[in-house]
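Lettering follows sequence order; numbering is per chain, from 1. Please read all numbers here as calculations on a predicted model, not as lab measurements.
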There are 2 protein chains.
Amino acid sequence: MTGTRPFKHALDRLQQAGLRPTRQRLALARLLFDKVDRHITAEQLHAEAVDAEVQVSLATVYNTLHQFTDAGLLREVVVEAGRSYFDTNTSDHHHFFFEGNGNLQDIPGESVTVAHFPAAPAGTRVARVDVIIRLAPEEA
Amino acid sequence: MTGTRPFKHALDRLQQAGLRPTRQRLALARLLFDKVDRHITAEQLHAEAVDAEVQVSLATVYNTLHQFTDAGLLREVVVEAGRSYFDTNTSDHHHFFFEGNGNLQDIPGESVTVAHFPAAPAGTRVARVDVIIRLAPEEA
DNA sequence: AATTAATTTAGAAATATTCTAAAATGTTTT
DNA sequence: AAAACATTTTAGAATATTTCTAAATTAATT
């Protein structure tokens, strides 16, 4: 399918999210979702778009990333002050974070068990449980 | 003790960390450690210092927070893009994060069990495991 | 085709943090 | 205690990331 109707997949995602299929959103959706899952920053996605000769401003990349996140198509991952990663894997999972180089790697949800944590305080509900395993280079 | 030798505690911490006891570091150490554990940003600490008529620049507050963190006197907590909290509780523990108001609350280490996660990739070691339980307002 | 609503855009603004190099302070040596 | 040296502090500039603004464009509806 992918070769024959290259926009179908991206279009479906936008419709599912109730977002107008504009040229920019379609192009960004293709860049984001038509490949293996990954973690990307707004700057990186903008650079990819420019590279692919998609005309889109950085402001629109930010808008779109947030709209996709609100729609559940992306997940925002915060592990470093001053930089947001957007994760195309929205399933239940966790992360390895390499402090050395800032690299992020998924850990499947089944591979980690978070057991018996306290109940959410009154008036709140658990929106998500993030487990970040921070890795440092092994010492010699 | 605290009333009679108010700088002793802060001084001990600096010496333990191998940091010269300058006027600014002493004052910031007192503001940070001579009260109950909490989470504070650089701006907030600077405001407290100004309030307490401690003359210190924001740059020094940043320097000091990082030096204290490197020395293990503080722990940096990243839960929101673009803002760092410094936690005076350096023991093994986790956090509730209230997405509504940006509030952070400690969860004692014993209250959460993170079971059987994958081994650290070759060449790395686990520096820390962060569990962040994100809370949203309960819907009506 | 005209109207309306949503989206995109460049550039400015806001926010948080780091950098720079000079001045001040603390430490060690004489 | 003065001189010499090293460390720290500082203001302000610089950087980085993100958000805002208002005008222009594009998409959807009539």
### Message
Whether B:His66 contacts C:dT18 is assessed here as follows: a side-chain N or O lying under 4.0 Å from the phosphate OP1 or OP2. Is that the case?
### Response
yes
## Note on the structure
To the nearest angstrom, the CG-C1' distance between B:Leu65 and D:dT8 comes to 15 Å
Pairwise N/O distances under 3.5 Å, protein to nucleotides 5-11 of chain C:
residue : atom : partner : partner atom : Å
C:dA6   : O4'  : A:Arg20 : NH2          : 3.0
C:dT7   : OP1  : A:Arg25 : NH1          : 3.0
C:dT7   : OP1  : A:Arg25 : NH2          : 3.2
C:dT8   : OP1  : A:Thr22 : OG1          : 2.4
C:dT8   : O3'  : A:Gln24 : NE2          : 2.7
C:dT9   : OP1  : A:Gln24 : NE2          : 3.1
C:dT9   : OP1  : A:Gln55 : O            : 3.3
C:dT9   : OP2  : A:Ser57 : N            : 2.9
C:dT9   : OP2  : A:Ser57 : OG           : 3.3
C:dT9   : OP2  : A:Thr60 : OG1          : 2.7

### Task
Quickly work out the B:Glu76 CD to C:dA16 P distance and round it to whole Å.
14 Å
### Task
Could you check whether B:Thr41 gets within reach of a base, just the sugar-phosphate, or nothing at all, counting any heavy atom under 4.0 Å?
nothing
### Message
Whether A:Tyr62 contacts D:dT19 is assessed here as follows: a side-chain N or O lying under 4.0 Å from the phosphate OP1 or OP2. Is that the case?
### Response
no
#### Entry: Student check: side-chain heavy atoms of A:Asp87 and A:Asp106 closer than 4.5 Å
yes
### Query
Taking C-beta and beyond as the side chain, do A:Leu65 and A:Leu28 meet within less than 4.5 Å on heavy atoms?
no
#### Entry: Whole angstrom value for the distance that separates P of C:dA16 from CG of B:Leu45
15 Å
### Message
Just the rounded figure in Å: distance from P of D:dT17 to NE2 of A:His46.
### Response
14 Å
### Whole angstrom value for the distance that separates P of C:dT17 from OH of B:Tyr85
10 Å
### Task
If the plane angle is over 60° it's perpendicular, under 30° parallel, otherwise tilted; pick one for B:Phe96 and B:Phe98.
tilted
### Task
For B:Arg83 and C:dT15, give me the distance from atom CZ to atom C1', rounded to whole Å.
9 Å
### Query
Any side-chain heavy atom of B:Arg75 sitting closer than 4.5 Å to one from B:His93?
yes
### Message
For B:Arg83, is there an ion pair with A:Glu80 - N to carboxylate O distance below 4.0 angstrom?
### Response
no
### Query
Can a cation-pi geometry be assigned to B:Arg13 and B:Phe33, taking NZ or CZ under 6.0 Å from the six-membered ring centre and within 45° of the ring axis?
yes
### Query
Between D:dT26 atom P and A:Leu14 atom CG, what is the distance in whole Å?
18 Å
